[in-house]
Amino acid sequence: MPKLAYQLEFPRKRTTSVVFASPHSARDYPQWFLDRSRLDEVTIRSSEDAYVDIFLDSAPRLGAPLICAGAPRAFIDLNRGPDELDPALIEGVRMVGHNPRVASGLGVIPRVVANGQPIYTGKLTRAEAIERIETYWHPYHNALAQQLDQAWEMFGEAILLDCHSMPHEAMDAAMHRGGKRPHVVLGDRFGASAAPEIVERVEAAFQRAGLVVARNAPFAGAFVTQNYGRPSRGRHAVQIEIDRALYMDERRIAPNQNFEAFRAMMRDILAELADIGRPVQQTLAAE
């Protein structure tokens, strides 16, 4: 099994209500899992948010906690609800209502990776699916919820920035409409998961770095933003999707020549994002 449910790094002193998270960047693939899959070791990583955790590694130095998944997305998807079980993959499960994510093979235990390529040759037992959820999903979300609760208690608000990467081709539709290709897509479930002023500041941080930003299309946010975003209660959640082509060779899932420059850019962006959750008096003192 993957060794860890999650990795949580704490700042020496917590100075911001922002919590950074990466639920899809884990790359600990057990050999038995690879042997069981019909996919090769590169293809099975195609739905992984490769290297996003590396771009977030300065967060603790900025006074914010950072939580990253320990198990890879092809093994268990932490941006799905624990009840999003796929009857086409898991024995003894019945479809309740219509869930487009589950129907497409992207439930909490994914049936496919990018481009709809099947992971397995057969079905999984319900017991195995439940074991993965109990071992990885619940510990990750318990830890995430605890960090958000602590932020709210310390600062009177909690801001979750849930960070992902997207295939370059995901934004082809924007080009067809005649617009600029977005480098970043922010998802706030069309205003339901975060206050407008927070989303605007997140957007501005990326724009100041010269990146084109879109909102909610084609990614408005999934389970995490829906579950943790309660702006009326001072709890905000924004999903951040970054174009993989900015830093990665998507075919090989390897850093490209822009990797280090983009990593340096992200350090500056993260500093601005952390400031969003810093008390006003503390920000003024730092200036």
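For reference, positions follow the sequence shown, starting with 1. Heavy atoms only: backbone and side chains are in, while hydrogens, waters and symmetry mates are out.
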Check whether any side-chain N or O of [X] sits under 3.5 Å from a backbone N or O of [Y] as a donor-acceptor pair, and report yes or no.
X	Y	value
Asn142	His138	yes
Asn79	Val224	yes
Asn115	Gln117	no
Lys180	Val213	no
Asp40	Thr43	yes
Arg230	Gln226	yes
Asp162	Thr225	no
Arg181	His168	yes
Ser22	Cys68	no
Ser193	Ala237	yes

Glu128 atom CD: more than 12 heavy-atom contacts under 6.0 Å: yes
Salt-bridge contact Arg235-Asp149 (side-chain N to carboxylate O under 4.0 Å): yes
Salt bridge present between Arg201 and Asp275 (N-O < 4.0 angstrom): no
Nearest non-hydrogen partners of [X] and [Y], listed with the distance:
X	Y	result
Tyr136	Leu78	O-CD2, 4.1 Å
Pro23	Ala69	O-CB, 3.3 Å
Ser47	Val113	OG-CG1, 3.8 Å
Met248	Ala254	CG-O, 3.3 Å
Ala21	Leu56	O-CD1, 4.0 Å

Report whether [X] and [Y] are members of the same hydrophobic cluster (ILVMFWY, side-chain heavy atoms less than 4.5 Å apart, transitive linking).
X	Y	value
Phe206	Met166	no
Ile198	Leu270	yes
Leu186	Val212	no
Val18	Leu8	no

Cationic tip of Arg263 above Tyr247 ring, under 6.0 Å, 45° of axis: no
Aromatic ring proximity His183/Phe262, centre distance under 6.0 Å: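 For His183 and Phe262, the ring centres are not under 6.0 Å apart.
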Parallel, tilted or perpendicular: ring planes of Phe33 versus Tyr120, cut at 30 and 60 degrees: perpendicular
Distance in Å, Asp53 CG paired with Ile67 CD1, rounded so as to fall on 0.5 Å steps: 12.5 Å
Check: Ser165/Arg244 side-chain N/O donor and acceptor closer than 3.5 Å: yes
Among Gln239, Met171, Arg215, the one residue meeting side chain to side chain contact (heavy atoms under 4.5 Å, CB included) with Val185: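 Among Gln239, Met171, Arg215, the one meeting side chain to side chain contact (heavy atoms under 4.5 Å, CB included) with Val185 is Met171.
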